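Read the structure below first, then the notes.
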Amino acid sequence: MGAGQSKAEIRPKVFHIETPIEFSQDVVDHLSDRLASPETTPERQSAIDARIRTQIQSELKALRAEEENVRREIRHALEKENLDQEMGGVGDGNTHGDIKNSVALLGDLEEIRAKVDRFQTRRKLGDFIPAKEMGEAVALCYRSNATTPLECWREVSLFKSTVADAETRYLGSL
């Protein structure tokens, strides 16, 4: 009942300035240059670039995660299909315990490959240690006799014979 009359009417306040406002020519030129050129400031451009880079990185990360999930699902489906085919190809069904699935066979194969690689690496390193030592002896001799390198003939000949011996042992093992 009377609530409408008790509200104060809001009227904008207007101030009239009697002195004119003047700007220096530098300020006017600066403002007109900024309006004329649509280019952004270097600070703003770097902020925009940084924001775009972070968005790209986050999208890339999400896409990689999604790709990994798809690969994992495909791998799982293929493994299941292979296991189903192996179990279906058994025949009479009484030899289930003797048949290894492809996953176990691949694991065994990788284990054997790792053992062979370790054996080959150990054998190769064991064969060439004397040659490496002789090479270091030649290098040390050359460093100590920088002005007279011909005095290292003994070390060089020992190195050559060691390398020749290692070559013949290696070719004999093939």
Side-chain angles (χ1 to χ4, degrees), residues 33-34 37-174:
D33 287 345
R34 286 188 69 190
S37 69
E39 296 177 9
T40 58
T41 62
E43 297 85 20
R44 179 165 165 70
Q45 187 63 41
S46 64
I48 291 171
D49 290 346
R51 187 174 61 227
I52 290 172
R53 264 188 245 109
T54 56
Q55 287 176 347
I56 289 172
Q57 291 297 326
S58 65
E59 286 293 322
L60 186 62
K61 191 175 185 181
L63 287 174
R64 285 183 179 158
E66 185 178 337
E67 179 185 9
E68 183 60 34
N69 287 337
V70 169
R71 285 185 183 187
R72 192 177 308 119
E73 289 175 8
I74 290 172
R75 192 177 316 119
H76 179 68
L78 288 175
E79 287 175 358
K80 184 178 178 187
E81 184 179 324
N82 287 340
L83 288 175
D84 290 344
Q85 286 178 355
E86 287 177 2
M87 294 303 172
V90 171
D92 55 357
N94 59 2
T95 59
H96 275 90
D98 294 339
I99 295 178
K100 291 187 175 184
N101 59 27
S102 62
V103 175
L105 289 174
L106 286 175
D108 292 344
L109 184 62
E110 289 300 320
E111 183 180 334
I112 290 171
R113 282 183 185 161
K115 286 180 181 178
V116 168
D117 289 341
R118 277 184 279 158
F119 174 75
Q120 293 292 342
T121 303
R122 236 183 287 133
R123 193 183 85 189
K124 287 178 183 177
L125 291 177
D127 289 345
F128 300 120
I129 288 177
K132 185 177 179 182
E133 290 173 352
M134 289 296 148
E136 290 171 356
V138 170
L140 179 66
C141 183
Y142 280 145
R143 281 189 208 108
S144 61
N145 298 316
T147 58
T148 56
L150 292 177
E151 292 184 15
C152 297
W153 67 271
R154 286 184 203 94
E155 287 82 0
V156 170
S157 65
L158 283 173
F159 174 73
K160 285 181 179 179
S161 64
T162 306
V163 168
D165 184 41
E167 282 179 348
T168 56
R169 279 190 285 158
Y170 177 74
L171 291 176
S173 69
L174 295 178

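All figures in this text were calculated on a predicted structure; none of them were measured in a lab.
By the side chain to side chain donor-acceptor pair (under 3.5 Å) test, Glu110 is found to be paired with Arg113, residues two or more places apart in sequence or in another chain being considered. With sequence neighbours excluded, the residues that form a side-chain contact (heavy atoms from CB on, under 4.5 Å) with Ile112 are Val116. Legend: residues meeting salt bridge (Lys or Arg N to Asp or Glu O under 4.0 Å) with Glu43, ordered by chain and number and at least two apart, are absent. With sequence neighbours excluded, the residues that form a side-chain contact (heavy atoms from CB on, under 4.5 Å) with Asn69 are Arg72. In terms of the side-chain contact (heavy atoms from CB on, under 4.5 Å) criterion, residue partners of Ile74 (sequence neighbours excluded) are, by chain and number, Val70, Leu78.
Residue pairs meeting the salt bridge (Lys or Arg N to Asp or Glu O under 4.0 Å) criterion with at least one member in residues 134-155: none, sequence neighbours excluded. Annotation: salt bridge (Lys or Arg N to Asp or Glu O under 4.0 Å) contacts involving residues 56-68, sequence neighbours excluded, comprise Glu67-Arg71. Every pair passing side chain to side chain donor-acceptor pair (under 3.5 Å) that includes a residue from residues 45-54 is listed here, sequence neighbours excluded: Thr40-Gln45, Gln45-Asp49. Sorted by first and then second residue, the disulfide bond (SG atoms under 2.5 Å apart) pairs with a member in residues 142-171 read Cys141-Cys152; sequence neighbours excluded.
Lys115 has a carboxylate O that lies under 4.0 Å from a charged side-chain N of Glu111, or vice versa, which qualifies the two as a salt bridge.
Here the shortest heavy-atom pairing between Thr162 and Leu158 reads OG1-O, 2.7 Å.
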